[in-house]
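Scroll down for the structure; my scribbles are underneath it.
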Amino acid sequence: MNPLLNDAALRASRYLAGLDDRPVHPGADAVARLAELDEPLPEHAQPAAAVLQRLDELGSPATMANAGGRFFGFVVGGALPVSVAANWLATAWDQNSANPAGAPATAAFELTALRWLLELLDLPRDAAGAFVTGTTMGNLCALAAARHAVLERAGWDVEADGLFGAPPVTVVVGEEAHPTLFKALGVLGLGRNRVITVPADGQGRMRAERLPRLAGPSIVCVQAGNVNTGAFDPFSELCEQAHRDGAWVHVDGAFGLWAQAAPALRPLCAGMNEADSWATDAHKWLNVPYDSGLAFVRDANALRAAMSVTAAYLPAPGGVRIPSDFTPELSRRARGVDVWAALSALGREGVAALVERCCAHAHTFARGLRGAGFEVLNEVVLNQVLVRFGDAQTTRNVVAKLQADGTCWCGLTEWQGHVAMRISVSSWATTDADVQRSLAAIVRCAR
Ligand SMILES: Cc1ncc(COP(=O)(O)O)c(C=O)c1O
């Protein structure tokens, strides 16, 4: 046995086992100690065991305990043990998963993971998929495919000839689109600001009746799961109107896409699978380790044309899927292995139970906070709860007190002019007891 790898496993197990008994935020002393890293490049070799020991002693106490059950900040899913273990094993394999010729095992696991995901999320079974780092990159891949397709229809080859002189592409976004969508648009040369913005309602849903008529190459970006409220855009109306005008519809579903895998929540997604592309995160609701995002594109050739490093427009040689023909990277780790492990261990029922349990916890938070006299700002349709404890400063003070208390961790946000605390329940590790303990802490800090 390799003592170094055993030591790493032991340290990781000890770390995870200790999460329940430590404050969720890292201690100030532990964070201050990170300054010790500001040291010169070592001149000489050091024993690997000592390097690992230093990493653990300096790093572990300075982490946020988001692998535990009481971290409710941002939208962060704790990694399932099976996906952590699979990730370790695949790291030991150290495959460059660009091409099945060099990495047959990881390519095969990714292929199966992709097939399962399309089935689970009820997306077109022949859609192309990309295993990338997160939804930011998922959006980028899908929008690159969209850019290719809408310009190809206008007789323009954007990969070959770029955007200079190309027919203009109209991009439509909702008023509450996630900021990372604009980053993807900027990187793709479509412009962060060169968009038509459709107003949203009080929950952040695009108002379908305000979608303008579109002509020429057009892309409409819709959203499954608003990062604040969890709200879903009205996909059926938006897809129908956009498709009537020949536009491409892209769904940013960083966490909301997973509602499709949960029967109780599926109605939120009505019409979503009529879109042309979708992006989501496996590190959010599938609870695999960072970083793991996904893009799915109905027109497989459009994604391949946008991303291929070999010959765009040509089928993969021998019909074999070449992972790097669908992703921005050539050399890459096989993120699909972690996805395969999570899906294998959970099964269809397990994914549904995970998503539904998180949403049930969110409802418990909302009920408990309303019962304690606080104002819940959103309709809790998914896993997100927005709560106010009074005016903006009072809410800020409560959140600061709660974060310092360490029982749980929630962040601040601003929702349509109101400062609010945001609770996002996204982890398999959160239990009923975690919710009750956290609720008690929130109420204690707010009173
Ligand atoms: C709706 C939405 N889109 C995109 C993103 C970006 O995802 P990632 O951080 O995985 O790139 C998020 C992150 O929370 C999100 O909620």
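Counting starts at 1 for both ligands and their atoms, in listed order. Predicted, not measured: the structure shown is a model, and the values here were computed from it.
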Report task. State, yes or no, whether a side-chain contact exists between Ser218 and Asp245 at a heavy-atom distance under 4.5 Å. Result -> no

Report summary line: Near Ala254 (heavy-atom distance under 4.0 Å), the atoms of ligand 1 are 1 (C), 2 (C), 3 (N), 4 (C), 5 (C), 12 (C), 15 (C), 16 (O)

Report summary line: Taken to the nearest 0.5 Å, the spacing of Thr327 OG1 from Met137 CE works out to 8.5 Å

Query raised in the report: Can you list the ligand 1 atoms lying under 4.0 Å from a non-hydrogen atom of Gln223?
Result: 1 (C)

Query raised in the report: Are the side chain of Ser324 and the backbone N or O of Val309 linked by a donor-acceptor pair below 3.5 Å?
Result: no

Report summary line: So CG of Leu163 and CG of Leu190: to nearest 0.5 Å the spacing works out to 6.0 Å

Query - For atom 12 (C) of ligand 1, closest protein heavy-atom neighbour - result: His178 NE2, 3.3 Å

Query raised in the report: Taking the non-hydrogen atoms of Met137, is any one of them nearer than 4.0 angstrom to ligand 1?
Result: no

Query raised in the report: Between His418, Arg388, Arg370, which is the residue that forms a side chain to side chain donor-acceptor pair (under 3.5 Å) with Glu375?
Result: Arg388

**Report entry** Side-chain donor or acceptor of Ser344 paired with backbone N/O of Trp340 under 3.5 Å
**Finding:** yes

Query raised in the report: For ligand 1, does Thr135 get within less than 4.0 Å through its side chain, its backbone, both, or neither, judged by non-hydrogen atoms?
Result: both

Query raised in the report: Which residue owns the protein heavy atom closest to atom 3 (N) of ligand 1, what's the atom, and how far is it?
Result: Asp252 OD2, 2.7 Å

Query raised in the report: Got the closest protein heavy atom to atom 6 (C) of ligand 1, with its distance?
Result: Thr180 OG1, 3.5 Å

Query raised in the report: Which protein heavy atom lies closest to atom 13 (C) of ligand 1, and at what distance to 0.1 Å?
Result: Lys284 NZ, 3.0 Å

Query - Donor on one side chain, acceptor on other, His250 and Asn139, under 3.5 Å - result: yes

Query - Element-labelled atoms of ligand 1 that are located less than 4.0 Å from some non-hydrogen atom of Asp281 - result: 7 (O), 8 (P), 10 (O)

Query raised in the report: For Phe255, is the nearest heavy atom under 4.0 Å from an atom of ligand 1?
Result: yes

Report task. Taking only heavy atoms of Thr136 into account, list the atoms of ligand 1 that are under 4.0 Å away from them. Result -> 6 (C), 7 (O), 8 (P), 11 (O)

Report summary line: His283 heavy atoms within 4.0 Å reach ligand 1 at atoms 10 (O)

Query raised in the report: Any donor-acceptor pair under 3.5 Å linking the side chain of Glu237 with the backbone of Ala208?
Result: no

Query raised in the report: Is it true that Gly225 lies under 4.0 Å from ligand 1, counting heavy atoms only?
Result: yes

